[in-house]
Amino acid sequence: MTTDLRSGPGISDDHAARMERAARAAAQEGLSGLIVSPGPDLVWLCGYRASPGSERLTALVLVPGRRPLLIVPELERGGAEHAPGAGALTIRGWRDGENPYDVTAGHLDVHGRYGVSDNTWALHLLALQRLRPGAGYAALTEALPMLRAVKDASEVARLAAAGAAADAVYEAIVERPFAGRRELEIAADLDRLLREHGHSQVDFTIVGSGPNGADPHHDSGDRVIAEGDMVVMDFGGLLDGYGSDTTRTVHVGEPTPEERKVHDVVREAQQAAFEAVRPGAACQDIDRAARSVIVRNGFGEYFVHRTGHGIGVTTHEPPYMVEGEHQPLVPGMCFSIEPGIYLPGRFGVRIEDIVVCEESGGRRLNGTERGLRVVG
């Protein structure tokens, strides 16, 4: 008999449905269940934000047809009981001196095969393997790569709010002088502004000026921004548990015709990729649409990364907009579109929006100007 996950006081229907869907997806992939450790998967499934840095075992065990089981250190039970999805869980505490692996292994089939969240400590997995040597284990991202990929309306709304906050940060930062300031100063302003606009966590504030902009993941440094510099700004984090990630490239003073041309090519590529978004299109089609524009204009060797990545409770997650990814787009998938051109030793340009796939095509969750903005 299948357990009704939605029975119980104080239960979150969203989290109950997610755990039920995850267990069902595991069964469809031939898995006996899932073992989920502290991290984004645990937060998404049941809402429990356990510390990923603790050596004490915490594990959510999802098995089709059974009530979800959350195994936690007894001293942390109180936090688990207040998690949004706690009403759908059986919570089993363990005390120091008790072997938590015995507790967990007792709920695993001796010959089962389990999906294990990617950030599970080797210490924990190896202990379970010793107790259940006949069982098999697979990384969750490989076994169920699309588990979190399709967002519900509530999740899309949170991503839209995060995107709007990032847009407000961009509009604020470009009103301030760039020339004469270090990249680190601009990055610090982006960090502060993201928090002022509601972000609880800032994941990155990349500021690459002049030749540093040709490094897509440049660490903001001490370089002083000067008149004539192109400046790439890529920033984002988490607001209400969901991610923002946007990139805009500005120019200090009037750009040269070549700089304008490169920016125009990237903007055209970004638009082409956006127009390719529709249900059923393969993820690689989005990459191909952007890349074809850049190649056609003679800059193909300078576009050195994928066109995009999924976003949700983390700022980078499946699906990926890259050649070889045949996963079809589904309404509710949210991902970045961020082509770029990087001319070594000179400058770089990247333009990035978060986009949601809808029945009618794509919808941008970032709305700031994508043309080349001149700053002081």
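Numbers here are sequence positions counted from 1.
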When you group the ILVMFWY residues by side-chain heavy-atom contacts below 4.5 Å and let the links chain together, are [Y] and [X] in the same group?
| X | Y | result |
| --- | --- | --- |
| Val250 | Val169 | yes |
| Val265 | Tyr302 | yes |
| Ile225 | Ile173 | yes |
| Leu329 | Met146 | yes |

(request) Would you verify whether the NZ or CZ of Arg364 falls within 45 degrees of the ring axis of Phe274 while also being under 6.0 Å from that six-membered ring's centre? (result)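 Yes.
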
(message) As a quick check of understanding, evaluate side chain to side chain contact (heavy atoms under 4.5 Å, CB included) for Leu343 and Phe299, giving each step before the final call.
(response) CA-CA 9 Å; Leu343 303 179; Phe299 296 102; 4.3 Å; yes

[X] and [Y]: side-chain donor and acceptor closer than 3.5 Å?
| X | Y | value |
| --- | --- | --- |
| Arg288 | Thr307 | no |
| Ser336 | Asp245 | no |
| Ser117 | Thr120 | yes |

(message) Are Phe204 and His217, when compared by the centres of their aromatic rings, separated by less than 6.0 Å?
(response)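 That pair fails the under 6.0 Å test.
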
(message) Taking the ring of His124 and the ring of Tyr101, is the distance between their centroids below 6.0 Å?
(response)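 So the answer is yes for these two rings.
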
(request) Would you please test Glu20 and Arg67 for salt bridge (Lys or Arg N to Asp or Glu O under 4.0 Å) and show each step? (result) CA-CA 9 Å; Glu20 190 172 34; Arg67 187 174 178 84; over 6 Å; no

Pair [X] + [Y], salt bridge at N-O below 4.0 Å:
| X | Y | result |
| --- | --- | --- |
| Arg18 | Asp41 | no |
| Glu352 | Arg370 | no |
| Glu98 | Arg92 | yes |

Less than 4.5 Å apart, any side-chain heavy atom of [X] and any of [Y]?
| X | Y | value |
| --- | --- | --- |
| Pro211 | Arg346 | no |
| Thr314 | His316 | no |
| Arg291 | Arg296 | no |
| Leu159 | Ile311 | yes |
| His263 | Thr249 | yes |
| Val355 | Cys334 | no |

(message) Checking side-chain contact (heavy atoms from CB on, under 4.5 Å) between Leu62 and each of Leu45, Leu70, Leu69, Leu31, which is the one that passes?
(response)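 With Leu62 as partner, side-chain contact (heavy atoms from CB on, under 4.5 Å) holds for just one option, Leu45.
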
(message) Just to verify, which of Val207, Thr247, Leu190, Leu193 counts as forming a side-chain contact (heavy atoms from CB on, under 4.5 Å) with Phe235?
(response)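 Exactly one pass, corresponding to Leu190.
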
(message) Is there a side chain to side chain contact (heavy atoms under 4.5 Å, CB included) between Phe178 and Glu227? Walk through the geometry before answering.
(response) CA-CA 9 Å; Phe178 279 63; Glu227 181 86 10; over 6 Å; no

When you measure from the side chain of [X] to the backbone of [Y], do you find a donor-acceptor pair of N or O atoms at a distance under 3.5 Å?
| X | Y | result |
| --- | --- | --- |
| Asp118 | Leu140 | yes |
| His218 | Ala214 | no |
| Gln270 | Ile337 | yes |
| Asp285 | Ala282 | yes |
| Gln284 | Gly324 | yes |
| His309 | Thr315 | yes |
| Arg132 | Leu108 | yes |
| Trp94 | Leu57 | yes |
| Glu155 | Asp152 | yes |
| Lys151 | Arg158 | no |

(request) Step through the shown structure and confirm whether more than 12 heavy atoms of other residues, nucleotides or ligands are within 6.0 Å of CG on Asn119. (result)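 Yes, CG of Asn119 has more than 12 neighbouring heavy atoms, counting only those of other groups under 6.0 Å.
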
(message) Take a 6.0 Å sphere around CZ of Arg181 and say whether it holds more than 12 heavy atoms from other residues, nucleotides or ligands.
(response)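 Result for CZ/Arg181: enclosed.
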
Between [atom1] of [X] and [atom2] of [Y], what distance do you get to the nearest 0.5 Å?
| X | Y | atom1 | atom2 | result |
| --- | --- | --- | --- | --- |
| Asp219 | Asn212 | CG | CG | 10.0 Å |
| Tyr170 | Glu175 | OH | CD | 10.0 Å |
| Glu369 | Arg267 | CD | CZ | 8.0 Å |
| Arg176 | Asp189 | CZ | CG | 5.5 Å |
| Leu60 | Leu42 | CG | CG | 6.0 Å |
| Arg192 | Leu194 | CZ | CG | 10.5 Å |

(request) Could you go through the ring-ring contact (aromatic ring centres under 6.0 Å, His included) check for Tyr342 and His305 one step at a time? (result) CA-CA 10 Å; Tyr342 309 94; His305 56 74; 5.4 Å; yes

(message) Could you go through Glu55 and Trp121, starting from their C-alpha distance and side-chain angles, then the distance that decides it, and tell me whether this counts as side chain to side chain contact (heavy atoms under 4.5 Å, CB included)?
(response) CA-CA 9 Å; Glu55 76 283 3; Trp121 284 25; 3.8 Å; yes

(request) In sequence, state the C-alpha distance, the side-chain angles, and the governing distance for Lys261 and Glu268, and then conclude on salt bridge (Lys or Arg N to Asp or Glu O under 4.0 Å). (result) CA-CA 10 Å; Lys261 176 184 177 180; Glu268 182 185 348; over 6 Å; no

(message) Applying salt bridge (Lys or Arg N to Asp or Glu O under 4.0 Å) to Arg195 and Asp191, what does each step give before you reach the verdict?
(response) CA-CA 6 Å; Arg195 296 182 191 279; Asp191 186 296; 2.9 Å; yes

(request) Going by the side chain to side chain donor-acceptor pair (under 3.5 Å) test, name the single residue among Asn366, Asp234, Asp353 that passes it with Arg248. (result)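 Result for side chain to side chain donor-acceptor pair (under 3.5 Å) with Arg248: Asp353.
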
(request) Measure across Gly243 and Ala162 and return the closest heavy-atom pair with its distance rounded to 0.1 Å. (result)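 Closest pair (atom of Gly243, atom of Ala162, distance): O-CB, 3.5 Å.
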
(request) Apply side chain to side chain contact (heavy atoms under 4.5 Å, CB included) to Val266 and Arg350, showing your working. (result) CA-CA 7 Å; Val266 174; Arg350 182 163 67 255; 5.6 Å; no

(request) Kindly determine whether Arg363 and Glu358 satisfy salt bridge (Lys or Arg N to Asp or Glu O under 4.0 Å), including the steps that lead there. (result) CA-CA 7 Å; Arg363 174 166 66 93; Glu358 299 183 332; 2.7 Å; yes

(request) Run the numbers on Ser32 and Arg113 for side-chain hydrogen bond (donor to acceptor under 3.5 Å, both in side chains), then give the verdict. (result) CA-CA 5 Å; Ser32 305; Arg113 182 169 177 268; over 6 Å; no

